[in-house]
Amino acid sequence: NGVFPDSYEAIGKLKGVGPYTAAAIASFAFNLPYAVVDGNVFRVLARYFGISLPVDTTKGKQFFSTLAAELLDPSGPGIYNQAIMDFGATVCTPQQPACKQCPMARTCIANNEQQQDRYPQKEKKIKIRRRRFYYLVISARGKYAIHQRTGNDIWKGLYEFPLAEQQADFDKAAFRKQLRQWGLPAISLAGIPASLPVLRQQLSHQLIEAYFIPVKLPKQPTGNDWQWVSRTALSNFAWPVIIRQYLGNS
């Protein structure tokens with residue numbers, strides 16, 4: 001009836017809203033005492049208390065949810081939830097946590113045992129798919145070729161440079177075939193990818209390794225669905241993190 005519910009139970013009944021989202025909305029918007037338990041919270045609690053229970057099991061999820069609720073500050077649940085989530089995202093990170101800057105390092109079991117990589121534990125091993133993205137940063141007459149990602153894949157709707165993806169080691173023949181399909185002149189493939197810096201982005205089930213190949217042309221090739229934009233206009237588009245990182249460094 002046009003009124004957003006203001007109780008945890010009612011919020012949880014909304015379509016598409018699970019316990020995590022319900023707790024987040026209840027505590028952030030209405031300051032209700034419900035603990036948010038996401039990947040960051042699992043990691044912080046598992047490391048600090050040295051908990052070996054797998055976080056992807058029913059028993060593990062129940063244990064961590066109960067522990068998180070016991071630790072919750074009832075006088076400021078919204079601020080507490082945001083703080084512990086942000087702490088996990090910026091300090092107690094999955095890889096190379098900033099333990100030297102951590103204010104709780106002295107009493108953290110994982111840090112004291114130098115076992116940060118051990119936590120949190122999972123019963124099911126996630127198979128990581130490795131993907132190699134070869135981006136052609138094509139410029140012609142002061143403008144760059146970009147296009148929007150479509151299809152049922154990562155980063156749908158975001159923009160990128162023309163992409164030649166390969167699953168295994170660099171295949172020059174396949175790469176040249178892609179260039180011909182784009183109507184591009186032959187470019188030197190000597191040293192690719194060894195001479196190119198690589199940027200990596202770890203997703204939940206995928207590891208993206210991105211290489212950026214600058215290509216300068218005298219005129220814009222036709223027959224593609226590319227947009228041509230100026231260097232300054234590139235900042236107006238929504239990019240995947242890995243391309244934003246490249247643009248920030250170039």
Same apolar cluster: [X] and [Y], side chain cutoff 4.5 Å:
| X | Y | answer |
| --- | --- | --- |
| L158 | I208 | yes |
| Y135 | W228 | no |
| V241 | L207 | no |

Is any side-chain heavy atom of [Y] closer than 4.5 Å to one of [X]?
| X | Y | value |
| --- | --- | --- |
| L32 | S27 | no |
| Y34 | I11 | no |
| Y119 | I51 | no |
| E209 | R130 | yes |
| F212 | L199 | yes |
| V198 | F133 | no |
| F28 | Q82 | yes |
| F237 | Q227 | yes |

Give the ring-plane orientation class for [X] versus [Y], where under 30° counts as parallel, over 60° as perpendicular and anything between as tilted.
| X | Y | value |
| --- | --- | --- |
| F42 | F64 | perpendicular |
| F30 | F4 | parallel |
| Y159 | W239 | perpendicular |
| Y134 | Y211 | parallel |
| Y246 | F161 | perpendicular |

Find the distance between [atom1] ([X]) and [atom2] ([Y]) and round it off to the nearest 0.5 Å.
| X | Y | atom1 | atom2 | answer |
| --- | --- | --- | --- | --- |
| N81 | L72 | CG | CG | 5.5 Å |
| Y80 | F87 | OH | CZ | 10.5 Å |
| L136 | Q178 | CG | CD | 9.0 Å |
| C92 | N111 | SG | CG | 9.5 Å |
| K172 | L179 | NZ | CG | 12.5 Å |
| R176 | L184 | CZ | CG | 13.5 Å |

Considering all heavy atoms of both residues, which atom of [X] and which atom of [Y] are nearest to each other, and what is their separation?
| X | Y | value |
| --- | --- | --- |
| Y144 | S230 | CD1-C, 4.5 Å |
| T93 | R47 | O-NH1, 2.8 Å |
| P221 | W182 | CB-O, 4.3 Å |
| L247 | R231 | O-NH2, 3.6 Å |
| S75 | N31 | O-ND2, 4.0 Å |
| N112 | R106 | ND2-O, 3.1 Å |

Is there a donor-acceptor pair closer than 3.5 Å between any side-chain N or O of [X] and the backbone N or O of [Y]?
| X | Y | answer |
| --- | --- | --- |
| R131 | Q206 | no |
| S7 | A10 | yes |
| S65 | K61 | yes |
| D56 | E123 | yes |
| R43 | G88 | yes |

Between [Y] and [X], is there a side-chain donor-acceptor contact under 3.5 Å, judged purely by atom types and distance?
| X | Y | answer |
| --- | --- | --- |
| E160 | H147 | yes |
| Q166 | R132 | no |
| R118 | S52 | yes |
| Y48 | T107 | yes |

Does atom [atom1] ([X]) have a neighbourhood of more than 12 heavy atoms from anything else shown, all under 6.0 Å?
| X | atom1 | answer |
| --- | --- | --- |
| I79 | CD1 | no |
| Q96 | CD | no |
| Q114 | CD | yes |

Which residue, N40, L45, V36, forms the side chain to side chain contact (heavy atoms under 4.5 Å, CB included) with I84?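 Output: one option passes, namely L45.
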